[in-house]
2 protein chains.
Amino acid sequence: MAASNSRKKISESTIHRLSLYYRVLSVLEKENHQTVSSRELAKREKLTPAQVRKDLSFFGSFGTRGLGYPVSELKKQIGDILGLNRLWNVALIGVGNIGSALVGYKEFLRQGFRIRVIFDNDQRKIGSNHKGIKVSDIRNLERDLRENNIEIVVIAVPATVAQYIVDDVVHAGIKAILNFAPVNLKVPSDVFLRNENMSMELEYLSFALSNLQNGRGTIKKEVS
Amino acid sequence: MAASNSRKKISESTIHRLSLYYRVLSVLEKENHQTVSSRELAKREKLTPAQVRKDLSFFGSFGTRGLGYPVSELKKQIGDILGLNRLWNVALIGVGNIGSALVGYKEFLRQGFRIRVIFDNDQRKIGSNHKGIKVSDIRNLERDLRENNIEIVVIAVPATVAQYIVDDVVHAGIKAILNFAPVNLKVPSDVFLRNENMSMELEYLSFALSNLQNGRGTIKKEVS
DNA sequence: TAGCATTTGTGAATGAATTCACAATCGTTA
DNA sequence: TAACGATTGTGAATTCATTCACAAATGCTA
């Protein structure tokens with residue numbers, strides 16, 4: 001009866017905030033801070049100290065009362081939780097606007113995401129090298145995903161074909177997909193799909209500017 | 001006392017979902033649907049009918065009982081709420097990886113966001129034309145923002161200089177900023193700032209793959 | 001025009017996330 | 001080693017978001 005196995009859900013927001021903490025801790029580490037309090041950590045990402053402590057407490061007790069959290073140690077811990085203390089083999093599908101940008105995006109590299117192979121259907125691009133990464137024919141998708149031990153696939157193709165591509169990707173056994181196409185894709189429930197909707201935040205700004213607003217970005221609405 | 005003016009907050013999530021509805025409605029319009037039910041609308045974006053109705057109800061009664069919502073009419077209404085039935089003058093700062101991708105991103109165009117001017121500090125780029133848009137010297141920021149009637153500024157510069165740039169942008173009187181640099185920027189409370197953190201979702205996938213998971217992406221955690 | 005099948009709009013109920021508030025604990029100093 | 005200031009870790013309280021559930025409408029059919 002002692003070590004019972006209850007379980008606790010970790011919310012998506014908590015995970016996203018872990019990313020923020022990780023980012024701040026990287027900076028703090030470079031600035032040679034030994035420890036950091038939940039107060040300081042919160043301040044740097046516009047959150048509350050209580051939230052920082054609660055988030056971290058889901059995963060363990062990393063701090064020291066009276067002192068705060070050890071910067072490097074906590075960074076390592078969060079890195080372990082997020083799976084950032086290792087390399088990930090990533091494939092990119094589609095080298096258009098967005099695709100090309102992602103290939104050169106240093107932030108991905110720094111976090112261990114390595115684009116090992118790029119797929120496209122444009123014969124002019126296939127076979128060429130895009131910033132040192134070979135461009136494969138989309139027709140060899142399954143084979144080249146396997147050959148490169150790809151674990152995560154990034155979709156950067158037009159919305160109209162994204163579903164077909166994803167179907168193939170799923171069929172090839174990939175379990176994690178990041179989608180940049182502005183469309184809602186269907187995948188089996190054992191596949192992780194995340195969407196990056198680049199115009200959503202721009203639309204939020206458009207909304208904010210269009211409506212009477214208070215300072216902090218909280219939008220209010222008249223009601224009779 | 002009759003027409004009192006209470007106010008209701010609209011949550012950020014609701015606004016983001018409006019973007020999704022807008023997207024689906026655009027598709028439905030093209031597919032020549034006359035009406036759509038909350039059920040169908042929900043299905044297309046993996047939400048619940050109740051949520052769709054509740055979201056819309058914050059802004060008015062757009063539907064007809066027994067029938068559903070008129071597609072074109074609802075699209076127009078949401079467009080009005082989000083401020084998408086007009087053009088926005090946008091400036092882009094930084095034409096590196098991300099910046100270049102954004103210039104060619106058709107989704108922005110379709111939604112009425114027009115990049116009127118691009119700023120950079122690279123003398124080789126300044127004066128040239130980037131996909132038809134002139135590249136200005138960052139030193140003329142204030143002047144050229146004003147001359148182009150810019151309302152929204154997109155930041156795509158390295159994290160290390162982003163805060164300086166934003167300070168100048170704020171000083172020039174801009175009230176809406178979309179930031180792609182992976183850093184938390186400080187702005188006065190009357191300026192809307194939104195962040196686009198491109199590695200956050202990738203990190204979520206990394207987390208999901210790293211942890212034992214159930215099918216639907218809900219991550220659980222052992223507790224003793 | 002009456003009856004039926006639908007579907008909205010919305011208070012009430014529920015569930016989830018955030019914040020509060022404080023006991024527990026640590027490092028430091030005298 | 002005792003007293004103090006600081007800060008964590010965490011149940012409880014609160015706030016916020018989602019879902020439920022049903023009356024009110026509507027179109028359609030006969």
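Treat the numbers as computed from the prediction; the structure is a model and nothing was measured. In what follows, chains carry the letters A, B, and so on, assigned in the order in which the sequence lines appear, proteins first and then strands, with residues in each chain numbered from 1.
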### Task
Could you tell me the separation between the CZ atom of A:Phe62 and the C1' atom of C:dT25, rounded to a whole number of Å?
18 Å
### Interatomic distance, A:Leu74 CG vs D:dG9 P [rounded to whole Å]
10 Å
### Task
Return the value, rounded to whole Å, for the distance between atom OH of B:Tyr21 and atom P of C:dT8.
12 Å
### Message
If you assign each of A:Ser61 and B:Leu67 to its closest nucleotide in DNA chain D, which residue comes earlier from the 5' end?
### Response
A:Ser61
### Message
On the nucleotide D:dG9, are OP1 or OP2 found under 4.0 Å from the side-chain N or O atoms that A:Tyr69 carries?
### Response
yes
### Message
If you take any heavy atom closer than 4.0 Å to DNA chain C, which residues from residues 37-47 of chain A end up in contact?
### Response
none
#### Entry: Results of ring pair (Phe, Tyr, Trp, His ring centres under 6.0 Å) for A:His33 - residues two or more places apart only
none
### Message
Under the rule for ring pair (Phe, Tyr, Trp, His ring centres under 6.0 Å), what residues qualify as partners of A:Phe62, not counting sequence neighbours?
### Response
none
## Note on the structure
Residues pairing under salt bridge (charged side-chain N to carboxylate O under 4.0 Å, His left out) where one sits in residues 61-75 of chain B, two or more places apart or in two chains, turn out to be B:Glu29-B:Lys75
### Task
Using side-chain hydrogen bond (donor to acceptor under 3.5 Å, both in side chains) as the criterion, list what pairs up with B:Asp55, not counting sequence neighbours.
B:Thr14, B:Arg17, B:Tyr21
## Note on the structure
Axis-to-axis angle across the helix from C:dT1-D:dA30 to C:dA30-D:dT1, five pairs each end, nearest 10 degrees, ~ 0°
### Query
Rounded to the nearest Å, what distance is computed from the CZ atom of residue A:Phe58 to the P atom of nucleotide C:dA16?
12 Å
### Query
How close or far is atom P of C:dG9 from atom CG of B:Leu56, stated in whole angstroms?
8 Å
### Message
On DNA chain C, does the nearest nucleotide to A:Gly66 precede the nearest nucleotide to A:Arg17 from the 5' side, or the other way round? Give the residue.
### Response
A:Arg17
### Task
Check step by step if salt bridge (charged side-chain N to carboxylate O under 4.0 Å, His left out) holds for A:Arg23 and A:Glu107.
CA-CA 11 Å; A:Arg23 198 171 73 178; A:Glu107 201 63 12; over 6 Å; no
Taking distance alone, no hydrogens or angles, what donor-acceptor pairs closer than 3.5 Å link side-chain atoms of residues 164-176 of chain A to residues at least two apart or in another chain?
{"unit_1": "A:Asp167", "atom_1": "OD1", "unit_2": "A:Gln163", "atom_2": "NE2", "d": "2.8"}
{"unit_1": "A:His171", "atom_1": "ND1", "unit_2": "A:Glu142", "atom_2": "OE1", "d": "3.2"}
{"unit_1": "A:Lys175", "atom_1": "NZ", "unit_2": "A:Asp190", "atom_2": "OD2", "d": "2.8"}

### Task
List for me each residue that meets side-chain hydrogen bond (donor to acceptor under 3.5 Å, both in side chains) alongside B:Glu40, sequence neighbours excluded, and say none if there are none.
B:Arg44
#### Entry: Between P of C:dT8 and CD of B:Gln51, the distance in whole Å
15 Å
### Query
In whole angstrom, what separates A:His16's NE2 from C:dA17's P?
13 Å
## Note on the structure
From CD1 of A:Ile10 across to C1' of C:dA16 the rounded distance in Å is 13 Å
Protein and nucleotides 20-23 of chain D: nitrogen or oxygen contacts under 3.5 angstrom:
{"unit_1": "D:dA21", "atom_1": "N6", "unit_2": "B:Arg53", "atom_2": "NH2", "d": "3.2"}

#### Entry: Candidates C:dA17, C:dT10, D:dA17 - which lies nearest the side chain of B:Ser11
D:dA17
### Message
Just to verify, what does B:Glu196 make a salt bridge (Lys or Arg N to Asp or Glu O under 4.0 Å) with, not counting sequence neighbours?
### Response
none
### Query
Does A:Asn85 reach the main-chain N or O of A:Lys76 with its side chain, forming a donor-acceptor pair under 3.5 Å?
yes
### Query
When rounded to the nearest 0.5 angstrom, what distance separates CD in A:Gln51 from OG in A:Ser38?
11.5 Å
Tell me which donor-acceptor pairs under 3.5 Å the side chains of residues 150-159 of chain A have, and how far apart each pair is, sequence neighbours excluded?
{"unit_1": "A:Glu151", "atom_1": "OE1", "unit_2": "A:Arg86", "atom_2": "NH2", "d": "3.3"}
{"unit_1": "A:Glu151", "atom_1": "OE1", "unit_2": "A:Asn89", "atom_2": "N", "d": "2.9"}
{"unit_1": "A:Glu151", "atom_1": "OE2", "unit_2": "A:Arg86", "atom_2": "NH2", "d": "2.7"}

### Task
Using ring pair (Phe, Tyr, Trp, His ring centres under 6.0 Å) as the criterion, list what pairs up with A:Tyr22, not counting sequence neighbours.
none
